[in-house]
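Taking it in order: structure first as structure tokens, then the write-up.
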Amino acid sequence: MKLNRRTFLGTGAAVATALSAPMVMGQGKPRVVIVGGGAGGATVARYVAKDSEGAIDVTLIEPSRVYYTCFFSNLYIGGFEELDDLGHTYGNLASAYGVNVVHDWVVGVDRVAKTVALASGGSLPYDRLVLSPGIDFVDGSVPGWDVSAQDAMPHAYKGGTQAALLRAQIEAMPEGGTYAMVAPPNPYRCPPGPYERVSMVAHLLSQTNPSAKILIADPKESFSKQGLFEEGWTNHYGGMIERIGPDFGGDDIEARPDAMEIVVGGEVEKVDVCNVIPAMKAGRICEMAAITDGNWAPVVPATMQSRMDENIHVLGDASSQGDMPKSGFSANSQAKVAAMAIRGALTDSRVFPAKFSNTCWSLIATDDGVKVGASYEATDEKIAKVDGFVSQTGEDPALRKTTYEESLGWYAGITADMFG
Amino acid sequence: MGDPARGEELFQQCIACHEVGPGARNKVGPHLNEVFGRTAGSVEGFRYSKSMDRAHGDGLVWDLTTLDAYFENPRVLISGTRMSFRGLKDAGERGDVLAYLRQFSASPQDIPEAVPTALPSVPEVDLPEDVLSIDGDLAWGEYLSSECKTCHQADGAADGIPSITYWPEENFVIAMHAYKQKIRPNPVMQLMAGRLSDEEIAALAAYFAKIE
């Protein structure tokens, strides 16, 4: 067991915890290793550390020192948020909760030895492993596009630099130019996300480049909050937005990053900005751990344990669990269920019935917010929807404004809940 | 419906802040002409609390049920209301005040002459004593609270979503039941409260009252 001290956060508390942790001895306190520091991983790290009160050794492995939330990145693209305000660090998880924060990549999982291998060398043993890696893209799902083309045609579907690149490209569009989006097939991260994205791009362009056009090539017949978005697009953005569904070739796409063209149902379209959001799958580490079935990692609903390995829990977008949408809110909700199950299994503490919930807010234009939400319960088969609601078309502007303000409160709440 | 004459007498404890009748103006509180059927927080030119603005956005409408709940304990319906009034505990007295105020609202078709049997001579949020006296299980409340904390910040910071920290337990319990019974608006809270049992609500109230 070798660990480089420099890979730990340099706070006194973190280093002290790391050095006193019983990892080297392979005995003592139970060890939880968490891969991925987003809405699932950061939350489960904080809750296991906090609720076990030091009885469980918690290590969080996340390559980024500053984590930019993918949620609210659309509001940054629309000019409603600053990118800096969407960046969060792990110092508080280390100093206030005693989480060992390791900035590194996990390059392998040995399920027999119960260790994870780090890119910098060395390995970490675990009693329970939590994988919360988010999404990766399915190779070849958009012919002509792969990750090497993400500078020419950004996906902007992970937070941070990709969102910044996309916004810069939109701001640099020629007058009357075309922004195109290749929308993803189901299932994917944040079901309303591409359509909130389009709304925010339209908001930006209607101020800076009002003769510009927005073209969506969409392989899906219908999409999340469709009536609400289409009403908003008509009311706020006139004829700026055109969506090509599968009946007109939206499911037959080729991207040509070098020529800045897309081919939709055989028709070549010259575009100025092209936002390619490919088909998605669980973050690659799930494949490496051989816990996927198809593109996703199936889990036991009541505990979020992998169906392939009871010592591994999978959270958030990467998991296949049933009815919950892939969202930051869902990952945060699932993390609390997993944290309780892990604490119950590794220490002698009370556990309670699992409860899950989700709400997704979307912004269509200034002060025009909408939301959709549901509650869920664990059945043997899947996480099953119990009850739900969705904003209505034609709502009062005062209600829409309150809904937007509520989303700002949610962002402050969930990030405090993740990072402490 | 109650007795408007007795209601007028009872209304004397309100007149320091509220006017009603011909020429009524806003004072410390908004005027109460046409209050029945009005959306909460909608009197032109009156500056409301954030909480009342939120209730306005959520579409809370003043009617017999909501006004009765508000008169019983204002903070149970609107957590951060500026109306510092201890509330009228007696359902008969509330009926009298409602009868008095309804004289100053038009659209009588929306205001029943007699209180329908299902409606609040006993208001819906007036919970039985045994629900209010459940001893909340703190550890359970702590687990359940994790769901609340996705939006409500544990340290009481409130921007866009109100604080639920350090509420008196009884207010918390009544507020949650008011969401569960869909008297308080807001679909997220109606959804969350809707699937909580009496014991779970008591556990949450106990936890948030004592949160460290």
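Residues in residues 166-182 of chain B take part in these salt bridge (charged side-chain N to carboxylate O under 4.0 Å, His left out) pairs, two or more places apart or across chains: B:Glu169-B:Lys210. Counting only residues at least two apart or on different chains, the salt bridge (charged side-chain N to carboxylate O under 4.0 Å, His left out) pairs with a member in residues 327-353 of chain A are A:Lys336-A:Asp417, A:Arg350-B:Asp137.
Most heavy-atom pairs under 4.5 Å with chain B, from the set A:Ile414, A:Val351, A:Leu399: that is A:Leu399. Interface check for chain A: of the options B:Cys151, B:Gly59, B:Gly57, the most heavy-atom pairs under 4.5 Å are formed by B:Gly57. For chain B, the option among A:Gly388, A:Ser357, A:Ala335, A:Ser407 with the highest count of heavy-atom pairs below 4.5 Å is A:Ser357. Note on B:Ala157, B:Gly160, B:Ser146: by heavy-atom pairs under 4.5 Å with chain A, the leading option is B:Ser146.
Near-neighbour residues of residues 323-333 of chain A relative to chain B, defined by a heavy atom under 4.5 Å from a heavy atom of that chain, comprise A:Phe329, A:Asn332. Taking 4.5 Å as the heavy-atom cut-off, the residues of residues 375-387 of chain A that approach chain B are A:Ser375, A:Tyr376, A:Asp387, ordered by number.
The shortest non-hydrogen separation linking A:Trp410 to B:Ile161 is N-CD1, 3.4 Å. Taking each heavy atom of B:Gln153 and A:Gly413 in turn, the nearest pair found is CG-CA, 3.7 Å. Between B:Glu147 and A:Phe356, the shortest heavy-atom contact is OE2-C, 3.6 Å. Considering every non-hydrogen atom in both A:Pro353 and B:Tyr143, the closest pair reads O-CE2, 3.5 Å.
Proximity to chain A is limited to the side chain of B:Leu196, based on heavy atoms less than 4.5 angstrom apart. Neither the backbone nor the side chain of B:Gln190 has a heavy atom closer than 4.5 Å to any heavy atom of chain A. Of the two parts of B:Asp155, neither the backbone nor the side chain holds a non-hydrogen atom closer than 4.5 Å to a non-hydrogen atom of chain A.
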Q | Check against side-chain contact (heavy atoms from CB on, under 4.5 Å), B:His56 and A:Thr402 | A | CA-CA 9 Å; B:His56 176 81; A:Thr402 300; over 6 Å; no
Q | Pair A:Lys355-B:Arg195, side-chain contact (heavy atoms from CB on, under 4.5 Å): steps then yes or no | A | CA-CA 10 Å; A:Lys355 272 189 158 49; B:Arg195 63 176 175 152; 4.0 Å; yes
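Here CG of B:Asn186 is found 8.0 Å from OG1 of A:Thr403. Values are rounded to the nearest 0.5 Å. To the nearest 0.5 Å, atom NZ of residue A:Lys50 and atom CD of residue B:Glu142 are 5.0 Å apart.
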